[in-house]
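Hydrogens, waters and symmetry mates play no part in the numbers below; they use all other heavy atoms, side chains included. Just so it is clear, the model here is predicted, and its values are computed rather than measured.
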Amino acid sequence: MRTLYLSLCCTAMLATVPAFGLETLPQLQLANSYQQQDAVADFWISEKLDGVRAFWDGHQLRSRSGQWIKLPEPLRKQLPAFALDAELWAGRGQFQQVMQALQHSSTDVHWQTIRLMVFDAPEHPGTFTERLQFLQQQLPDSTFLQLVPQQQLQSKAELEQLLKQVVSEGGEGLMLHHVKALYQSGRVGHLQKLKLVEDAEARVVAHLPGKGQFSGMLGALLVELPDGRRFKLGSGFSLDERQNPPPIGRLVTFQYRGLTHKGTPRFAVFVRERPEP
């Protein structure tokens, strides 16, 4: 097994920018679900991080939605002059900690454990393997920078074993980058995600009242997927979330296992409200 170590840490704060002030969205590369027919040995494999996607253009940091993320000046000066595709991350199971940090000043204690994990160099013209080598050689040596492990496996059995290990330790899943792929914006087949369950996001359309033990509280959310499909999301809520459900219009993250014959998520379970930075 060969291993490359890549990671990047930093501390930041989400700047409040009016919608009309946004530039075009960062042209990021997006993953498809894992394709069973592909040879495992053709991919670099890393842990899928549950954080906030971020794009560094060499001067400023932006979220996937295009909002500026204001970096403390001492940290900003330590970042490279080339573009990075990365994720703000506070550790396994600590997504809310990242969101809380984005709401506080750059000097707040919330930021002490936040890292910016780098997994690609989108403006480099080479293959993914060449981009990894470039990052190894060119990422600044700083206390704010760490390296995310990338490794290659030889069989699907090894891949399944690694997935089970990561999930058992609190991780979300795995990411697979094809060794020879060039960086392309949009959803691509050479970048794949592998999880024990799938997840997605939907927007809250309505609150449906509960019955029985949930009388007077939320029974289910009526949510809408980006393509317009609507379905009820009724499980996975805590008592507090049923008493104070995500507001109408907000994004929520849910997990599911495949699709029904109508094309809606099967066994959908609410995970959390997904604040939009």
Heavy-atom pair of closest approach, residues Phe43 and His190: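 Shortest heavy-atom contact: CE2-O, 3.9 Å.
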
Could you verify whether a donor N or O on one side chain and an acceptor N or O on the other, from [X] and [Y], lie under 3.5 Å apart?
X	Y	answer
Thr113	Gln94	no
Gln29	Asp85	no
Thr127	Thr129	no

Run the side-chain contact (heavy atoms from CB on, under 4.5 Å) test on Tyr256 and Glu198 for me, step by step, so that the C-alpha distance in whole Å, both residues' side-chain angles and the decisive distance to 0.1 Å come before the verdict. CA-CA 5 Å; Tyr256 66 101; Glu198 294 295 319; 3.5 Å; yes

Can you find a heavy atom in the side chain of [X] that is under 4.5 Å from one in the side chain of [Y]?
X	Y	answer
Phe267	Val269	no
Phe95	Val52	yes
Ser63	Leu102	no
Glu160	Leu163	no

Does the [X] side chain pair with the main chain of [Y], one donor and one acceptor, at a distance under 3.5 Å?
X	Y	value
Glu158	Gln154	yes
Ser168	Lys164	yes
Glu172	Lys48	no
Arg274	Val252	no
Gln192	Gln35	yes
Ser235	Ala268	yes

Shared ILVMFWY cluster between [X] and [Y], side chains joined below 4.5 angstrom?
X	Y	result
Phe55	Leu132	no
Leu61	Met99	yes
Leu196	Phe270	no
Val40	Leu162	yes
Ile248	Leu233	yes

Value rounded to 0.5 Å, distance of [atom1] in [X] from [atom2] in [Y]:
X	Y	atom1	atom2	value
Leu28	Arg53	CG	CZ	4.5 Å
Leu194	Lys156	CG	NZ	11.0 Å
His177	Leu191	NE2	CG	4.5 Å
Ile45	Gln152	CD1	CD	8.0 Å
Arg272	Asp50	CZ	CG	4.0 Å
Leu159	Tyr34	CG	OH	5.5 Å

Show the numbers, then the answer: is there a side-chain contact (heavy atoms from CB on, under 4.5 Å) between Glu123 and Phe82? CA-CA 8 Å; Glu123 294 181 355; Phe82 53 86; 5.7 Å; no

Check whether the ring centres of Phe254 and Phe231 lie less than 6.0 Å apart, and answer yes or no.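 Centroid separation for Phe254 and Phe231: below 6.0 Å.
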
Taking the six-membered ring of Tyr183, is the NZ or CZ of Arg131 close enough (under 6.0 Å from the centre) and on axis enough (within 45°)? no

Got a list of side-chain donor-acceptor pairs under 3.5 Å for residues 212-223, not counting sequence neighbours?
none

Can you tell me if Gln184 has over 12 outside heavy atoms packed within less than 6.0 Å of its CD?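 Yes, CD of Gln184 has more than 12 neighbouring heavy atoms, counting only those of other groups under 6.0 Å.
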
Tell me if the CG atom of Asp141 is crowded by more than 12 foreign heavy atoms within 6.0 Å. no

Tell me, with the steps shown, if Leu259 and Arg266 meet side-chain contact (heavy atoms from CB on, under 4.5 Å). CA-CA 5 Å; Leu259 301 175; Arg266 185 189 302 274; 5.9 Å; no

